[in-house]
Amino acid sequence: MERADERLERLSRLYALYDRFMGPKEFFCHRGCSTCCTCNVTLTTLEVDYIRCHLGPEGTEAIVERVRNNFSRKRFQPKITLNGFARACMAGRQVPDEENDPRWGTCPLLLDQVCTIYPVRPFGCRILVSTDDCSHTGVATLSEFTLTVNNVFMQYIEHMDCCGVYGNLSDMFLALSGDETEGLSVTIKNQEAKGFMVPPEHRQRIRPLLEEMTRI
Ligand code: SF4
């Protein structure tokens, strides 16, 4: 079985690969832009471990404190993971309706419009790479290919963490810190990737990236 530190090292290399892959392009997103920092952000156990490992016990306790003090009662609580969604689609099964509204509140880890854990933020926060200022347009502008790349990375991270769970950031930190008072764990089990969600028109273009990912 793979050691915990090896899995975290692989995740770190995956983040670096994503940055490298996206690097030369022009994006509006930057540290301090918080338009998409909502209470609906989700992550896997592996990403929680990454944050805890880098911030240590005190940094983790600070996160839990911020979550407790800035708790949005209404928040996105996923009913299905991305690999679960992909499997259901492949099998022709119904997928559950999901409700997700940015107006439910801001991310509890946001302070004065700046992310308090920016260098170790979850992957879901790294992928809203908009080419326009979404505070003006109301939505992030992403190419179809970028959406495919994002999905593949998210599927891969879930696959790496298929023994772990997935859920809203507030629930994950409260549950994993042993806090039983608020937002009891509403997390769901991660799943292996049985296939990546790549449309036919992107298959050729994404192949080199998939090869690099599998080397990680
Ligand atoms: S973790 Fe940081 S980057 Fe992600 S939504 Fe919260 S404040 Fe924004």
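As the structure lists them, so they are numbered: ligands from 1, and atoms in each ligand from 1. In this text the structure is predicted, and so the values were computed from the model without any measurement.
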**Request:** Examine R126 relative to Y15 and say whether NZ or CZ is less than 6.0 Å from the centre of the six-membered ring and inside a 45° cone about the ring axis.
**Result:** yes
**Asked** Tell me the salt bridge (charged side-chain N to carboxylate O under 4.0 Å, His left out) pairs involving residues 145-163, sequence neighbours left out?
**Response** R7-D161
**Asked** Donor-acceptor pair, N168 side chain versus S170 backbone, under 3.5 Å?
**Response** yes
**Message:** Taking N, O or S atoms only and a limit of 2.8 Å, check whether C37 reaches atom 8 (Fe) of ligand 1.
**Reply:** yes
**Prompt:** Looking at Q155, H159, E192, which hits side chain to side chain donor-acceptor pair (under 3.5 Å) with N83?
**Reply:** Q155
**Message:** Below 2.8 Å, can you find an N, O or S atom of C115 next to atom 6 (Fe) of ligand 1?
**Reply:** no
**Prompt:** What is the nearest protein non-hydrogen atom to atom 6 (Fe) of ligand 1, stated with its residue, atom name and distance?
**Reply:** C107 SG, 2.3 Å
**Atoms in ligand 1 flagged as close to C125, the criterion being non-hydrogen separation under 4.0 Å** = 1 (S), 3 (S), 4 (Fe), 5 (S)
